[in-house]
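Step one of this worksheet: look at the structure below.
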Amino acid sequence: GAYVSTILFVTWRISPWLGMCAGAVLAALLGWFLGYLCFRYGLRGPYFALVTIALAEGLLYLVTNIKALGGARGLEIPWIGNSLAWMQFSSKAGYYYIALGLVIAGIALSAWLNRRRFGYYLVAVRENEDAAQAVGVNLLQIKISATVLSAALTAIGGVLYAQYFTYINPRSVFGEMPSIQILLFAIIGGLGTVWGPAIGALVLVPVAERVRAELGGSIAGAPLLLYGGILMVVMLFMPKGIVGLANSISQRLHSKPGRGGGG
């Protein structure tokens, strides 16, 4: 999403909003191709995750060696002016409201899918693929659909990332940090929940930025060390994430017999 919108913007002065659509479509096609190859031959769980990481690394080195895409130096986005049509603003407020709108739209879409048949199919596939297939769920179709949707939404976020920083390079887009962050937000917030990824981001990002500001200059990879420590704590004590822990506490409180005095 970041590279497609930036190339269109720099080369032909096509609005990032149109670039966002083009990037989402291209990412969806790539997601479909990757999903079909993987799921058609039975890859699942950590094996599929490893393939996606390998794809990102492959794209990193591929883009690094293509001069038309800026190579290792990356691409700079020229300043045209304070304009919503060009997704460029003189203050951070404009980017904030676009990001907020994307977050709201993403959560709303997740909540809507969570109540649709597709959402129930996703839960069934996650819990037990063999059982889901036994009751008639088309595993290949559901998995590919989820991959396509995920790729398109991620590409949309990539466009805003590029416009906000006005500069992209292979490492910032395809490097390990973005992939790790996206996974950790969901794991720590709560996998399979509507609010989990958002809550995970609200917790992790401020803490990581604080650590980077305080220790980034003296301890290399300080945010990654922090992420690893938090992940171990969550996996040991909150395997269902923050949302799962909150739901468990709420259920325990509601299940306690009421204390009432007679009278």
Side-chain angles (χ1 to χ4, degrees), residues 38 43-54 56-57 99-100 102-104 106-115 118-132 142-143 146-147 149-150 153-154 157 161 175-259:
C38 292
L43 285 184
R44 63 173 68 179
Y47 299 102
F48 175 69
L50 289 174
V51 170
T52 62
I53 293 174
E57 288 295 314
L100 180 62
L102 292 178
V103 169
I104 293 173
I107 293 176
L109 176 62
S110 180
W112 181 74
L113 289 175
N114 197 46
R115 292 173 173 81
F118 179 71
Y120 292 118
Y121 283 169
L122 288 178
V123 174
V125 172
R126 181 192 68 197
E127 296 297 329
N128 192 318
E129 292 189 14
D130 296 329
I142 294 300
K143 287 184 174 183
T147 306
L149 181 60
S150 175
L153 293 177
T154 307
Y161 175 91
E176 66 281 352
M177 182 60 77
S179 298
I180 292 174
Q181 284 181 321
I182 291 172
L183 288 173
L184 287 182
F185 293 159
I187 293 172
I188 292 173
L191 287 171
T193 63
V194 173
W195 289 98
I199 293 175
L202 287 174
V203 171
L204 278 181
V205 172
V207 175
E209 291 302 318
R210 183 67 179 180
V211 170
R212 182 180 287 108
E214 296 292 337
L215 302 175
S218 58
I219 301 178
L224 284 176
L225 293 174
L226 175 67
Y227 287 152
I230 293 177
L231 180 60
M232 287 189 291
V233 171
V234 169
M235 297 303 292
L236 287 173
F237 303 104
M238 296 187 298
K240 295 184 179 180
I242 296 173
V243 173
L245 177 64
N247 290 336
S248 298
I249 293 174
S250 177
Q251 291 175 1
R252 290 179 183 178
L253 292 176
H254 284 88
S255 63
K256 288 183 178 181
R259 297 178 180 177

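All values reported here derive from a predicted model rather than from experimental measurement.
- Between F185 and V203 there is no side-chain heavy-atom pair separated by less than 4.5 Å.
- Side-chain contact between Y47 and V51: absent, with no pair of heavy atoms (C-beta onward) separated by less than 4.5 Å.
- Annotation: the span from W195 atom CH2 to L202 atom CG amounts to 9.5 Å, rounded to 0.5 Å.
- Rounded to the nearest 0.5 Å, atoms CD (E57) and OG1 (T52) are 11.0 Å apart.
- Rounded to the nearest 0.5 angstrom, I187 CD1 and I230 CD1 are separated by 12.5 Å.
- Considering CZ of F48 and CG of L50, their distance stands at 11.0 Å, rounded to 0.5 Å.
- Nearest heavy atoms, Y227 versus Q181: OH-NE2, 3.0 Å.
- Residues meeting the side chain to side chain contact (heavy atoms under 4.5 Å, CB included) test with V103, sequence neighbours left out: I107.
- Nearest approach of G190 to P197, heavy atoms of both residues: O-CD, 4.3 Å.
- When all heavy atoms are compared, the tightest approach of G241 to V234 is CA-CG1, 4.4 Å.
- Across K143 and L43, no two heavy atoms sit closer than the pair NZ-O, 4.0 Å.
- Residues S150 and T154 are in side-chain contact: their nearest non-hydrogen atoms beyond the backbone lie under 4.5 Å apart.
- Residue I188 holds its CD1 atom at 6.0 Å from CG of L231, rounded to the nearest 0.5 Å.
- Residues L245 and K240 fail the side-chain proximity criterion, which asks for heavy atoms closer than 4.5 Å.
- At least one side-chain heavy atom of L149 sits under 4.5 Å from a side-chain heavy atom of L109.
- When atom types are taken as modelled, the side chain of N247 and the backbone of V243 share a donor-acceptor pair closer than 3.5 angstrom.
- Heavy-atom contacts from other residues, nucleotides or ligands closer than 6.0 Å to CZ of R126 number more than 12.
- Shown here for A111 and V194, the closest heavy-atom pair between the two residues is CA-CG2, 3.9 Å.
- To the nearest 0.5 Å, the span separating CD on E209 from CG on L226 amounts to 11.0 Å.
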